[in-house]
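Right, one structure below, let's go through it.
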Amino acid sequence: MADQLTPNAVSTVFFADPPIDASTLQPTLQILNIKKIQAAANSMDRYRLIMSDGQHYLQAMLGTQLNNLVESNALTKNGLITLTSYATNVVQGRRLLIILGATASPGPAERIGTPVNVDDRAAATETNDAKPNPVPQQQQQQPQQAAPQIQSARTVAPAAARGGAAAGRGGRGGGRAGGGAPSGPLYPIEGLSPYQNKWTIKARVAHKSDIKHYSNQRGEGKLFNVTLMDETGEIRATGFNEAVDNFYETLQEGKVYFLSRARVNIAKKQFSNVNNDYEIMLDQNTEIEPCDDESVPQIKYNFVSIEGLANVEKDQTCDVLAVVKDVGELGQITSKSNGRPFSKRDITLVDQSQWSVRLTLWGKQAETFTAADDSPVIAFKGVKVGDFGGRSLSMFSSSTMTVNPDIGEAHSLRGWFDAEGNSVSYQNYSNAGGAGVGAAVTSIRPEEMKTIGQIKDENIGMSDKQEYFSTKATVSFIKQESFSYPACPTCNKKVTEDSDGWRCEKCDAVYPQPVHRYILNLSVMDHSGHIWITAFNEAAESIVGKTANELVEMKEVDEAQSAAIFQLALGKTYLFQCSAKQDSYNDQMRIRYSVRRAAEIDYKTEAHNLIKLIDQMQI
DNA sequence: CCCCCCCC
């Protein structure tokens with residue numbers, strides 16, 4: 001078993017000077033331990049691995065992009081790992097390995113050999129957290145002292161990237177004769193921490209904010225933020241005052257830069273959606289140089305379909321690729337929190353899920369958004385999911401909006417929309433407000449649709465709490481004997497007639513006339529069976545086509561006429577949105593089905609849904 | 001050193 005491990009790999013990687021990377025050695029090691037690092041709010045989990053070559057062990061941080069290897073149990077204690085991409089950093093005077101790429105393979109049941117810690121200094125601080133008290137490290141990292149020891153952390157991915165980096169940095173150096181000390185080795189963003197001050201990152205500006213002016217007790221100022229990204233992660237950088245003057249124009253969204261000599265601080269996670277425990281502060285020493293190398297990754301999207309927004313929690317952020325179907329008017333609202341006015345504009349987005357959703361733009365973006373006629377495809381990154389009317393979207397200041405992005409999904413969405421999306425009728429998250437996803441019949445999710453046979457077979461309503469379902473069914477019978485009750489005009493409770501008029505116990509009032517409200521019992525059926533359901537006032541009105549008041553009066557005057565009205569209501573098919581609940585009746589448990597809404601079938605939408613169901617069938 | 005992300 002021991003021969004599966006790469007001999008001496010741990011000390012080779014740990015002590016190599018200059019550092020080596022996966023182009024030199026791709027060691028296979030045994031995992032002795034995997035520990036989840038307590039994640040700060042809003043940040044991803046991190047994993048620390050202890051890995052052995054049979055003689056020595058060392059610890060390493062797993063890049064968050066590899067978290068799934070742990071979470072899927074591909075990497076396990078005693079299992080084997082082959083490092084295909086990695087970098088080393090010095091943190092707190094210790095060499096730390098960051099794993100950027102790895103493959104897993106099964107290992108023995110037991111630890112191989114009796115490996116010892118590769119580094120005594122590491123052993124002495126073994127129990128420390130990965131984020132130690134910064135004070136001693138600051139001391140350890142005195143430039144003169146630390147400079148010779150700082151180990152170059154290289155991103156090891158494409159060779160072209162390294163070549164480009166070297167060329168770019170060489171060029172920068174040449175342009176700065178006598179312009180200060182070298183700014184340190186190229187680091188992956190993931191390797192940045194407050195405990196190093198000599199580093200350079202090569203990163204793409206994923207997002208640049210507007211310049212913000214502020215004024216508080218400390219005085220006035222201005223600032224801007226950028227979100228920087230490379231293949232290992234993202235980080236937010238902020239510049240205040242003179243840094244705005246120095247760098248705001250230089251940094252262009254989408255472009256790649258070398259950045260060095262900036263401070264790295266602990267991020268205040270509650271104020272940022274950027275996935276990093278740290279953030280960069282640009283100051284007067286900061287050096288930023290453009291880089292022509294395009295190998296740093298483009299902004300990565302993780303698109304959620306509009307239909308899929310139903311499964312995204314409120315207040316989460318997500319990425320959406322959609323066609324702008326409609327652009328609303330520019331509006332003005334007043335913030336409840338600070339009384340300040342804000343411009344807003346709602347736009348309607350659609351995609352191939354054949355759902356539509358509203359997205360709100362704010363401020364300048366709302367004022368300048370003019371893509372009205374040509375239904376552009378827009379990629380949104382980091383938009384906030386709200387639950388207004390079921391689901392809604394809202395831009396954060398950190399959200400990005402890229403019109404007609406040059407990515408495959410965008411081209412295929414464009415093609416689909418021009419060919420057929422134009423004429424599709426979209427299911428919309430209803431604007432009814434507050435009732436939640438699926439409140440309106442137009443926004444029933446396919447999984448809520450049941451045949452009557454399914455409602456019975458699946459015992460919908462047999463659980464303790466109320467359940468909801470929707471069904472497409474036809475009215476086959478309506479009970480005419482008692483279809484309504486006399487209700488209080490104020491509170492809708494049942495009223496009783498006495499010598500003074502109609503008395504409401506709840507309101508302790510007497511009214512000359514009640515308002516009749518429906519409790520309509522009807523039998524509905526489809527190909528799989530029939531059930532009795534109860535429709536209350538509004539739903540019943542839409543089925544009968546008359547108010548209960550009208551029908552009560554009609555029945556008193558001419559029962560044949562009211563019977564004819566009921567007759568007309570038979571044989572019609574609706575999309576019923578129902579609730580089901582247990583109920584005891586004469587000591588017998590039964591399920592009562594109530595109609596929350598009955599909507600006429602929109603055959604166009606219905607046809608699309610059926611096609612979708614057919615597509616899902618495994619033939 | 002900002003830090004609001006708003007309204008129906």
Side-chain angles (χ1 to χ4, degrees), chain A residues 40-43 194 207-227 235-248 262-286 314-318 320 326 328-348 356-369 380-401 428-436 439-440:
Chain A
N42 299 333
S43 68
H207 176 255
K208 182 173 83 164
S209 75
D210 291 330
I211 296 170
K212 187 190 169 184
H213 296 264
Y214 64 91
S215 130
N216 57 24
Q217 301 94 314
R218 297 160 178 269
E220 296 195 345
K222 59 183 175 180
L223 71 117
F224 77 110
N225 299 297
V226 287
T227 305
I235 192 164
R236 185 166 80 157
T238 303
F240 284 91
N241 302 318
E242 65 274 21
V244 176
D245 303 329
N246 291 340
F247 302 123
Y248 189 78
R263 282 179 294 153
V264 178
N265 295 332
I266 306 280
K268 294 182 186 133
K269 301 295 290 181
Q270 69 270 31
F271 301 130
S272 163
N273 313 304
V274 175
N275 179 29
N276 201 310
D277 291 341
Y278 306 116
E279 58 188 16
I280 290 174
M281 208 55 82
L282 308 176
D283 59 27
Q284 54 272 49
N285 297 318
T286 300
K314 171 175 149 65
D315 295 332
Q316 293 291 106
T317 58
C318 69
V320 170
D326 185 60
E329 296 295 310
L330 182 64
Q332 199 83 10
I333 60 114
T334 305
S335 166
K336 276 181 177 165
S337 59
N338 58 18
R340 288 219 300 269
F342 285 92
S343 300
K344 65 158 253 182
R345 188 194 297 272
D346 290 338
I347 62 176
T348 304
S356 73
V357 69
R358 197 189 77 176
L359 179 140
T360 305
L361 303 166
W362 300 100
K364 210 173 181 177
Q365 228 162 16
E367 288 157 19
T368 56
F369 191 90
F380 294 91
K381 178 147 193 73
V383 289
K384 181 190 170 188
V385 176
D387 65 353
F388 185 73
R391 280 293 177 274
S392 59
L393 296 172
S394 173
M395 291 291 278
F396 270 139
S397 65
S398 57
S399 309
T400 69
M401 188 174 87
N428 64 306
Y429 290 104
S430 125
N431 282 336

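In what follows, every chain begins at residue 1, and chains take the letters A, B, ... in the order their sequences are listed.
- Between the side-chain ring of A:F240 and the base of B:dC1, a stacking contact exists by the 5.5 Å and 30° definition.
- Looking at heavy-atom distances under 4.0 Å, A:T238 makes contact with a base.
- Closest to the A:E279 side chain, of the nucleotides B:dC7, B:dC5, B:dC2, is B:dC2.
- The two atoms that bring A:V357 and A:S392 nearest to each other are CG2-CA, 3.9 Å, heavy atoms only.
- Side-chain N/O atoms of A:K344 and base N/O atoms of B:dC7 include a donor-acceptor pair closer than 3.5 Å.
- Applying the ring-ring contact (aromatic ring centres under 6.0 Å, His included) criterion to A:F247, with sequence neighbours excluded, gives no partner residue.
- Take A:F342 and apply the ring-ring contact (aromatic ring centres under 6.0 Å, His included) test, not counting sequence neighbours, and it matches no residue.
- Taking every side-chain heavy atom of A:W362 into account, B:dC6 is the closest of B:dC6, B:dC2, B:dC8.
- Taking side-chain N and O atoms only, A:K268 has a distance below 4.0 Å to OP1 or OP2 of B:dC1.
- Stacking annotation: A:F388 is stacked on the base of B:dC8 (ring centroids less than 5.5 angstrom apart, interplanar angle below 30 degrees).
- Looking at A:S397, its side chain comes within 3.5 Å of the base of B:dC4 through a donor and an acceptor atom.
- At whole-Å resolution of the value, CZ in A:R236 and C1' in B:dC2 are 8 Å apart.
- Across the protein-nucleic acid pair, A:I266 atom CD1 and B:dC1 atom P stand 12 Å apart, rounded to whole Å.
- Here A:S398 lies out of heavy-atom contact (under 4.0 Å) with every strand.
- The minimum heavy-atom distance between A:T317 and A:F396, with the atom names listed, is CG2-CE1, 3.4 Å.
- Between A:K222 and the phosphate of B:dC2, there is no side-chain N or O to OP1/OP2 separation shorter than 4.0 Å.
- A distance of 11.0 Å separates NZ of A:K344 from CD of A:Q332, quoted to the nearest 0.5 Å.
- Side-chain N/O atoms of A:N216 include one lying less than 4.0 angstrom from OP1 or OP2 on B:dC2.
- With rounding to whole Å, A:N225 atom CG is found 12 Å from B:dC4 atom C1'.
- Nearest to the side chain of A:N241, among B:dC1, B:dC4, B:dC2, sits B:dC1.
- A:R218 places its CZ atom 11 Å from the C1' atom of B:dC2, with the value rounded to the nearest Å.
- Spacing between atom CG of A:L393 and atom P of B:dC8 amounts to 19 Å, rounded to whole angstrom units.
- We find that CZ of A:R358 is positioned 12 Å from P of B:dC7, with the value rounded to whole Å.
- As rounded to whole Å, 13 Å separates atom C1' of B:dC6 from atom CG of A:D315.
- Between A:Y214 atom OH and B:dC4 atom P the separation is 14 Å, expressed in whole Å.
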